[in-house]
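Heads up: numbering here begins at 1 and tracks the sequence.
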Amino acid sequence: MGVVERFLLFLQLVTDKNQVNMNYILKAVLVLLVLSVSPNLWAQSTKWRDIHKVKRHETIFGIARSYDLTIEELLDANPEMKEKGYELKKGSEIFIPYSKTSTTQPTPAKPSKPTTTAKGIDVVKVGIMLPFLDNSTEGKRMIEYYRGVRAALDSLGHMGIKTQVNLWNLNKDSVVTNVLKHNPQIANQDVIFGPLYTNQVHPLADFCHKHGARLVIPFSTTATDVNSNPNIFQIYQDEDELSARSRGAFVERFSHSHRPIFINCNNPSDGKYTFTRSLREYLESKNIQAEITDINTPLREFAKHFSQTQPNVVILNSAAYKPLERVFEKLDSLKNIDPSLIISTYGYNEWFIYQPYLEKDYFKYNVHIPTTFYYSRKSARTEAFEKLFEKDYGQKMNPDGLPRMGIMGFDHTMYFVLGLSHYGEKYVGNEQQNSEYKPLQTRLEFKKLKDGGYQNNNFQVIRFKTDGSVDSLTY
């Protein structure tokens, strides 16, 4: 992949085709102009400060950042990188020039303690505290998450934002206080991502509060420290809150226009009975008539629950694949008998996993999925990220994992480092402060809790429309 092609993919990642940030366009034009200049203009006067031997998984962006160089400076020193089809390979040796802004020979960049200016933090120190050495499924997920972090740091470096990343392994059995005691540099981090396990949240949160670092909790835990600790940014929303918001979204969208039809799937193990029961009770309290049927009910009786004069909305009390597939088959039979029936379906996060196999049914039956994330397989920005990820790491992200861990790491890092670099101590993670970055997968918009930290407040309903398009209804 050539440098120009790679940069254009990067540009796709940080912009949206409908809302392009002009700063990025200007940077793109400048870089492409530099790439078009003959390499002979610089070759006559360049002096090298070092020769770098390329390691596995290194990128041009990352190497330039580690030596405190611009992309242009590194490319000008190595004109072969501008050639079409050039690939950075392990073992290759590339010239490291002096920075044009320095007349003395520096050592590879080792950022000092960041300072806060009117524009934010000069060098953002990023700490990652996750179970990297755990060879389990969880450990592999964390490695993918970290690779997304690294991709973001490379992109941020290309944008001129300086960062320094540090990793500390926190396995399930790790004692957080011991790790903190033996690694005093943790106290200097501006933002820490982690931990994965609930019992590790409290000691790490207290430490971050004491030393003024922001703690971003990316994954689901049962810890409640966000309610009392102002340094926590919690991305995960608990199940009770999500259920309440899912119920509210359903009522707002369907209760006054559609006939609700609850389908019992005889599958109590997946935990959706609680949600459907609470939704039914709420509808009853508002005197809204709902139908109840069973997945095994004969078609003739099944059909009696559907209205021919108003739209219908189907709610399953299971998120499993097989019941969903069977319901779609049953709805197909109904539509064959009466094509005029209007049917929508209200579902669950788990249904995103089945999308590659049931997508035509999602569009046919106007599936609505209440969620805090959406992985769009057909997005140009998503495709650009996936190409970069596979190119850098020699493998694709886990195709069965949702949300995608690599994209999650990229989104979180881009969002918080951009915010800290611009706003410093005033950064609170709201949408206004981060308007220049649109996350690829997880929308982030934090609200301040009364006596504590910040909770991601994003909630949306992804709608698969019968015209074949997908849109997001934000609540």
Side-chain angles (χ1 to χ4, degrees), residues 243 246-247 249-280 282-284 288-371 374 377-378 402 460-473:
S243 292
S246 297
R247 185 172 61 246
F250 178 92
V251 170
E252 179 180 328
R253 181 152 189 82
F254 295 110
S255 63
H256 300 294
S257 57
H258 289 62
R259 173 181 286 187
I261 303 169
F262 290 87
I263 300 179
N264 178 23
C265 298
N266 305 301
N267 187 34
S269 61
D270 70 3
K272 303 304 179 185
Y273 278 37
T274 302
F275 169 74
T276 53
R277 183 172 59 249
S278 67
L279 179 56
R280 282 171 49 195
Y282 182 86
L283 294 175
E284 289 173 4
I288 297 171
Q289 180 66 39
E291 299 289 319
I292 303 174
T293 186
D294 191 282
I295 196 171
N296 297 318
T297 300
L299 186 61
R300 183 184 296 272
E301 294 300 316
F302 188 78
K304 291 179 180 179
H305 296 280
F306 287 77
S307 173
Q308 295 178 317
T309 59
Q310 69 178 121
N312 303 275
V313 57
V314 168
I315 312 100
L316 285 65
N317 62 359
S318 172
Y321 177 83
K322 284 297 183 183
L324 179 60
E325 184 182 42
R326 286 189 60 197
V327 167
F328 283 145
E329 290 170 355
K330 208 145 191 172
L331 296 180
D332 283 344
S333 298
L334 280 183
K335 292 282 284 184
N336 287 335
I337 297 171
D338 185 355
S340 67
L341 285 176
I342 300 174
I343 304 173
S344 297
T345 313
Y346 201 68
Y348 307 99
N349 267 335
E350 291 87 343
W351 289 10
F352 288 132
I353 300 173
Y354 321 141
Q355 185 181 341
Y357 318 106
L358 298 174
E359 188 171 67
K360 65 180 181 61
D361 295 304
Y362 287 13
F363 290 117
K364 185 189 300 184
Y365 295 112
N366 196 25
V367 165
H368 290 61
I369 301 180
T371 185
Y374 177 55
R377 290 171 170 81
K378 299 178 182 179
L402 282 176
Q460 59 192 322
V461 174
I462 301 300
R463 178 174 60 165
F464 294 81
K465 299 169 67 177
T466 54
D467 64 4
S469 63
V470 180
D471 65 7
S472 170
L473 309 171

Give the intermediate values and the outcome of side-chain contact (heavy atoms from CB on, under 4.5 Å) for residues Glu325 and Lys322.
CA-CA 5 Å; Glu325 184 182 42; Lys322 284 297 183 183; 3.6 Å; yes
Please evaluate residues Leu299 and Leu334 with respect to the criterion side-chain contact (heavy atoms from CB on, under 4.5 Å), reporting the C-alpha separation (whole Å), side-chain torsions for both, the decisive distance (0.1 Å), and the verdict.
CA-CA 8 Å; Leu299 186 61; Leu334 280 183; 3.8 Å; yes
Starting from the C-alpha separation in whole Å, work towards a yes-or-no answer on salt bridge (charged side-chain N to carboxylate O under 4.0 Å, His left out) for Glu329 and Arg326.
CA-CA 5 Å; Glu329 290 170 355; Arg326 286 189 60 197; 5.7 Å; no
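At least one donor-acceptor pair under 3.5 Å links the side chain of Asn317 to the backbone N or O of Cys265. Side chain of Lys335 to main chain of Leu341: a donor-acceptor pair is present (N/O by atom type, distance under 3.5 Å, no hydrogens or angles). No donor-acceptor pair closer than 3.5 Å links the side chain of Tyr374 to the backbone N or O of Gln460. Formation of a donor-acceptor pair under 3.5 Å by the Thr276 side chain with backbone atoms of Tyr273 is found in this model. In this structure, the side chain of Tyr346 engages the main chain of Ser246 through a donor-acceptor pair within 3.5 Å.
Between Ile288 and Pro260, the shortest heavy-atom contact is CG2-CG, 4.4 Å. Residues Ile295 and Lys330 approach most closely at O-NZ, 2.8 Å, considering heavy atoms. Heavy atoms only, all atoms of each residue included: Pro370 and Asn349 are closest at O-OD1, 3.7 Å. In this structure, Phe275 and Ser243 approach most closely via the heavy-atom pair CE1-O, 3.7 Å. Taking each heavy atom of Ser469 and Phe363 in turn, the nearest pair found is O-CE2, 3.5 Å.
Using bins of under 30°, 30° to 60° and over 60° for the plane-to-plane angle, the ring pair Phe352/Phe464 lands in the tilted bin. Classified by interplanar angle (parallel below 30°, tilted 30° to 60°, perpendicular above 60°), the ring pair Phe328/Tyr365 is parallel. Using the six-membered ring where Trp is involved, His258 and Phe254 have ring planes that are perpendicular, over 60° apart on the 30 and 60° scheme. Note on ring orientation: taking the six-membered ring where Trp is involved, the planes of Phe302 and Phe306 are tilted (angle from 30° to 60°).
Taking CG of Asn264 as the start and CG of Asn296 as the end, the distance is 8.5 Å to the nearest 0.5 Å. Rounding to the nearest 0.5 Å gives a distance of 6.0 Å between CG of Asp332 and CG of Asp361. The NZ atom of Lys378 lies 4.5 Å from the CD atom of Glu359; values are rounded to the nearest 0.5 Å. The OH atom of Tyr354 sits 7.5 Å away from atom CG of Leu324, with the distance rounded to the nearest 0.5 Å. A distance of 14.5 Å separates CZ in Arg259 from OG in Ser344, rounded to the nearest 0.5 Å. Here Arg247 contributes atom CZ and Glu252 contributes atom CD; the two are 14.0 Å apart, rounded to the nearest 0.5 Å.
No side-chain heavy atom of Ser255 sits under 4.5 Å from any side-chain heavy atom of Tyr282. At a threshold of 4.5 Å between non-hydrogen side-chain atoms, the residues Val367 and Leu358 do not count as touching. Side-chain contact between Arg253 and Val461 is absent, with no heavy-atom pair separated by less than 4.5 Å. Tyr321 is not listed as a side-chain neighbour of Ile353, based on a closest heavy-atom distance of 4.5 Å or more.
Ser307 and Asn312 are not linked by any side-chain donor-acceptor pair at a separation below 3.5 angstrom, with hydrogens and angles left out of the test. With 3.5 Å as the limit, one finds a donor-acceptor pair spanning the side chains of Asn267 and Ser318.
For the side chain to side chain contact (heavy atoms under 4.5 Å, CB included) with Ile261, the lone residue among Thr293, Ile343, Ile292 that qualifies is Thr293.
Taking 4.0 Å as the cut-off between side-chain N and carboxylate O, Glu350 and Lys272 count as a salt-bridged pair.
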